[in-house]
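For this chain, numbers begin at 1 and follow the sequence in order.
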Amino acid sequence: MLWNLTYVDDIPGDYKYVGFKRSTSKFAKFSVSGKCYTEDILEKYNVEFVFGTEGMKLPKVTLLAKDRALYEGHPLCAVIAKDRYQVEDQLDEVDVEYQELENQPLFPEIPDNVIYSKSYGNEGKAEMTASFSLRAGRSSPAPMEPRVIAVRLSGDSIIIHASTQAPTVARLLISEMLGVPMHRVTVDVPNVGGGFGAKQDLSYEELSVVALSYELGESLKWVETRSEHIQGSQARDQIHEVKVGFTSDGRLKFLHDDITYDVGAFPLSWSGISPLFVTLNTMTSVYSFDFSYNVKAILSNKAPQGAYRGFGRPEAVFVMERIMDEISRMTGVDQLEIRRRNLKDLQDVGNINLVLQELERKYNDLKSKYGKGIGVSFYVQYAGPNSKVMIEEEKSRIPGYDCVRAFLDLDGWVVIKISATNQGQGMDRAIRNLVSKELGYDKVKVVLGDNEVKGYGVWASRTMLTMGNAAVLAARQLKEKISTLGEWEEVSKMMLTKPWKVMNVSTDVCYETDDFVGTVSGQISVVKGDCTGVKAVEHFIVADVGIAGDEEIVKGQLIGGGTSGNWGSPLRGR
């Protein structure tokens, strides 16, 4: 089978290419000489934050560095040329002089570099105590396709092709930045070569390209290099100084955590410091104990960090499961039993007993096979926050619902339009499967990335929860309408031949969860080590995912997540 896959860089057009002169200094005043567009030409374009800003001290973030480079790789200015080869030549001709800075805040208005801090609860008392220093170091999502954006003007319309996970949110940010109505902005997303969270946010480079195109009246394209992506798209970066109290039979009584969240030079427009809040919520998702913490989010001379698969959950699971293992070691209680003894009353997260039973079966098999080097984790991933959580609790400007537009076309095909894009996880196929099963009819087409359908993108493991359910409900409504008129293809012909009987068969349905939806899961990893290092030799995953739109795709997602964690994780502790 031949696949005709089109990505942003494949889209034809008379585009000029953009490249960025990036800082080679971590923190310095700078001046640029040569043909290069600086922040001066873009300073009227402001990017609004969409995350909740309550209780935070936020700097004014510019599209390009204003007068100080805040991290190595910070875009200082932009060049424009007819192709990518000339872009590189022109970048070589731009000179930058640096005056290094030390012992100064990144922004004068935030002298301590702390943009958020909060304390909750008090440290408890227990029969036994222990302390740990645990760190989730920086990672890069590194999808196959880095960021790509192409912008052209057509009359008063701004047509943007982008490799993004959330075209409707990108459209909102761009219309606000340019000061134009949303109906003038189209964000088209062809195939996306992976996202893993990185493409949830529009980077300041992407926004700079949009602003430059609008300001200069030029059709512009930017194709991020692999090294630019690794340098500029990062996530994680949390330090946990943990003290726990527990009983001699392994029951966790309290956990106090001093958390430092390294934001980087400034927060991104959407994700902000939201992964920190997800971490805090996830810490208490499985086990019962008294939780207290001191948290602070700090600015640093690193790239701004955003989303990466898990969005704060892996960091929390790492901390909690490391604690469970250490309590197991200190009390002599088995790894699985220690988890059972500390389970809270979990509701609506799947079949906990069956997951634990499968985990125990595999654990015993691997224990007898390898004897040692066996690591266990048990967790609940909460997903699909609804609008009440997003707006009232997280103070976000992005709701939690998604909508689907479904209609019967004149040729007998049922068309399902959604706002989500496909980063390779086959959501269109999964939704098509669900709708076809509901209708008992195979001629179903799923259209992705529709700007006119309300929806808010691919993030928080929510797409099948929101758009999948909306699609099934829309299919039911269509089926009810059709049931009084005839067969699918018969009715489609009637819209042309007998429109006085039926002119249109369509429906719009929106859906969001009543509350967070949880998935219970467990994993076991077996590692062997020698003088050359440690290698994972066997890995087992069990998860109750509910109804799967496509079982093979779900298996692939689980394997991909496990592989990402095993081979690229910078989580560590002492």
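Salt bridge annotation for Asp262-Arg138: present, with a cationic side-chain nitrogen under 4.0 angstrom from a carboxylate oxygen. A salt bridge between Arg361 and Asp365 is present, with a side-chain N of the basic residue lying under 4.0 Å from a carboxylate O of the acidic one. Checked for salt-bridge contact, Glu205 and Arg147 miss the test: no charged N lies under 4.0 Å from a carboxylate O. Checked for salt-bridge contact, Arg322 and Glu326 meet the test: a charged N lies under 4.0 Å from a carboxylate O. In summary, Arg429 and Glu552 do not engage in a salt bridge, as defined by a charged side-chain N under 4.0 Å from a carboxylate O.
For the atom pair Asn364 CG and Asp334 CG, the distance stands at 8.0 Å (nearest 0.5 Å). How far CZ of Phe51 is from CG of Leu268: 8.5 Å, rounded to the nearest 0.5 Å. The structure places CZ of Arg462 at 9.0 Å from CD of Glu512, a figure rounded to the nearest 0.5 Å. Taking CD from Gln425 and CD1 from Ile553, the interatomic distance works out to 8.5 Å, rounded to the nearest 0.5 Å.
Ring geometry for Tyr456 versus Tyr401: interplanar angle over 60°, hence perpendicular rather than tilted (30 to 60°). In this pair, Phe291 and Tyr293 present their aromatic rings tilted. The plane angle is within the 30 to 60° band.
Panel note: side chain Gln165, backbone Gly197; a donor-acceptor pair is recorded below 3.5 Å. Of the possible polar contacts, none joining the Gln238 side chain to the Arg236 backbone as a donor-acceptor pair under 3.5 Å is found. One N or O on the side chain of Thr563 and one on the backbone of Ile559 form a donor-acceptor pair closer than 3.5 Å. Remark: the backbone N or O of Gly522 is not paired with any side-chain donor or acceptor of Ser377 at under 3.5 angstrom.
Atom OH of Tyr120 is surrounded by 12 or fewer heavy atoms from other residues, nucleotides or ligands within 6.0 Å. No more than 12 heavy atoms of other residues, nucleotides or ligands shown are found within 6.0 angstrom of CD on Glu551. Within a 6.0 Å radius of NZ in Lys344, more than 12 heavy atoms belonging to other residues, nucleotides or ligands are found.
For Glu321 and Tyr287, the side-chain atoms include at least one donor-acceptor pair closer than 3.5 Å. Donor-acceptor pairing under 3.5 Å is recorded for the side chains of Asp550 and Asn433.
Test Thr466, Val453, Val446 against Ile418 for side-chain contact (heavy atoms from CB on, under 4.5 Å) and you get one pass: Val446.
Separation of the Tyr116 and Tyr261 ring centroids does not fall under the 6.0 Å cut-off.
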